[in-house]
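Here the structure is laid out as structure tokens; the discussion comes afterwards.
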Amino acid sequence: MTEPKINWPSAIFDVLRAQNFTQICHVPDAGHAALIDRCVEQNDMTVISLTTEEEGIGVLSGAWLGGKKGVLLMQSSGVGNTINGFALPMATRMPLFTIVTMRGEWAEGNPWQTPMGQAAGPVLEAMGVTVFRVERPEEVGEVVGAAAQLAFNTHQSVAVLLSQRLIGAKEFK
Amino acid sequence: MMNTVDVLEAFKPYRGDALVVPGRGGRHWVPMTDNEGLDAPMGDPAMGGHAGFGFGLALARPERKVILFDSEGDILMSLGMMVTIAEQKPLNFYHFLLDNECYATTGGQPVPNAKNVDYAAIAKGAGYPKALAYTEIEDLKNDLPGILENPGPIFVALKVYPEVQNEAIGSRRPWQTRTRTEVIQDLRGEFGPA
């Protein structure tokens, strides 16, 4: 008998609900697709599609200042687009929370994804972002929940990296 | 061409309880504001960030007008932001542009194609329902009440004289009267914690 597959996007959604997230910024990614779709279905969540990930830093900083909690959903390649933007939450001690689906690692089939994918964690840490990494589906909800609490309770920039092994390597057919 | 200080003076009587992000007009707005607790003078943050910040604030507080004084260097560095804003169409968002055609805090070098860019046309093309452009202060004064009475998002491009700063940063007269932390605390006090 096989173990039932854990629905980790649903676990993330449950955290967002439980912690009153209402502003969902994203640059679409297949790894986040199920979560984005779920958020779009909610009448009380504002889902904001961005043209580049850096926009999300400003949008979520403004949202927090207005009393709303939000998250930036992006792919590891998008991390490189955010870096200078992190100056805003860093210099003002505003919280910033992001969940990153990783590429360029486990069974990657696209060489364009490897440079930024492998640099994403170190680059975020170089900017002072606290980085969590999740490899196992059963840990997703717990880690995302704890990371979000850390961000908003202590006014830090926090990232959760969802490993490519967890989300599954993209199949090119 | 207009003076930035005249633009802000013209706007001030119509501010009401709107949230104001003065952007790079902050040095003029901070001494003249009569409700600093509703202002978010962030200084000179990472270029390109003002529009997203003001837009995020507007989405979070739909019951309050948010007035952003952006600048063309910022807009050029985050041009896609106009598309993002236009899709959401925040009715309470008023996007003013102080276009001085140059990078005034780095020596006054012209922005790319400084004299020829039509920012109102870009805003319109991005999907803003309404976009206007002014070069004369009297024309702006005449139209300001109507602009602010109508629902947003509205984009208003304003040609302003450059105020180039060439002195060393350490020698410049600071214009902020509150620290960034105090600005944040004051606004958070208005809306409560997220």
Side-chain angles (χ1 to χ4, degrees), chain A residues 16 19-28 40 43-72 78 81-97 127 148-149 151-157, chain B residues 19 21 23 38-64 66 68 70 74-75 77-90 92-93 126-127 178-194:
Chain A
L16 300 183
Q19 296 194 27
N20 297 317
F21 280 75
T22 60
Q23 315 300 102
I24 315 298
C25 289
H26 70 87
V27 173
V40 167
N43 291 329
D44 57 351
M45 284 185 171
T46 302
V47 179
I48 304 147
S49 180
L50 310 169
T51 70
T52 182
E53 293 79 357
E54 186 180 10
E55 294 175 2
I57 307 288
V59 172
L60 293 176
S61 297
W64 179 82
L65 203 52
K68 297 286 173 64
K69 204 183 280 186
V71 62
L72 172 58
N81 297 338
T82 65
I83 296 306
N84 194 36
F86 270 105
L88 177 59
M90 291 290 177
T92 55
R93 289 299 307 272
M94 290 195 273
L96 199 294
F97 183 51
M127 282 301 291
Q149 286 180 318
F152 289 96
N153 290 344
T154 68
H155 296 189
Q156 285 191 58
S157 292
Chain B
L19 307 172
V21 182
L38 298 181
D39 297 336
M42 307 304 287
D44 292 330
M47 276 190 68
H50 277 120
F53 177 72
F55 165 64
L57 190 56
L59 285 183
R61 306 310 316 184
E63 79 283 5
R64 299 288 279 269
V66 173
L68 167 66
D70 212 342
D74 287 274
I75 280 186
M77 201 171 274
S78 187
L79 210 50
M81 195 69 235
M82 298 173 87
V83 178
T84 302
I85 292 168
E87 183 184 44
Q88 298 289 332
K89 289 189 171 47
N92 58 330
F93 187 58
R178 296 177 291 164
T179 65
R180 284 188 295 268
T181 303
E182 288 169 331
V183 169
I184 302 285
Q185 284 176 341
D186 287 347
L187 272 171
R188 295 264 294 160
E190 182 75 14
F191 299 120

For the atom pair [atom1] ([X]) and [atom2] ([Y]), what is the distance rounded to the nearest 0.5 Å?
X	Y	atom1	atom2	result
R93(A)	I184(B)	CZ	CD1	11.5 Å
M77(B)	E54(A)	CE	CD	8.5 Å
T51(A)	I85(B)	OG1	CD1	10.0 Å
S78(B)	E55(A)	OG	CD	5.0 Å

So, the part of T52(A) with a heavy atom under 4.5 Å from chain B: the answer is neither
What part of I48(A) gets closer than 4.5 Å to chain B, counting heavy atoms only: side chain, backbone, both or neither? both
Sort out for me which of L187(B), L57(B), T179(B) touches chain A most, counting heavy-atom pairs under 4.5 Å. L57(B)
Which of the residues R188(B), H50(B), M81(B) is involved in the greatest number of heavy-atom pairs with chain A at under 4.5 angstrom? R188(B)
Mark yes when over 12 heavy atoms from residues, nucleotides or ligands other than R64(B) sit less than 6.0 Å from its CZ; otherwise mark no. yes
What are the two closest heavy atoms between A60(B) and A63(A), and how far apart are they? CB-O, 3.6 Å
Heavy-atom pairs under 4.5 Å with chain B - which of P95(A), C25(A), S49(A) has more of them than the others? S49(A)
Option that, when pairs with chain B are counted at under 4.5 Å, heavy atom only, ranks first among L65(A), T22(A), L88(A), N20(A): L65(A)
Check: L50(A) main-chain N/O paired with E87(B) side-chain donor or acceptor under 3.5 Å: no
Before you tell me yes or no, could you show the steps for K68(A) and F191(B) under side chain to side chain contact (heavy atoms under 4.5 Å, CB included), namely the whole-Å CA-CA distance, both residues' side-chain angles and the distance that decides it to 0.1 Å? CA-CA 9 Å; K68(A) 297 286 173 64; F191(B) 299 120; over 6 Å; no
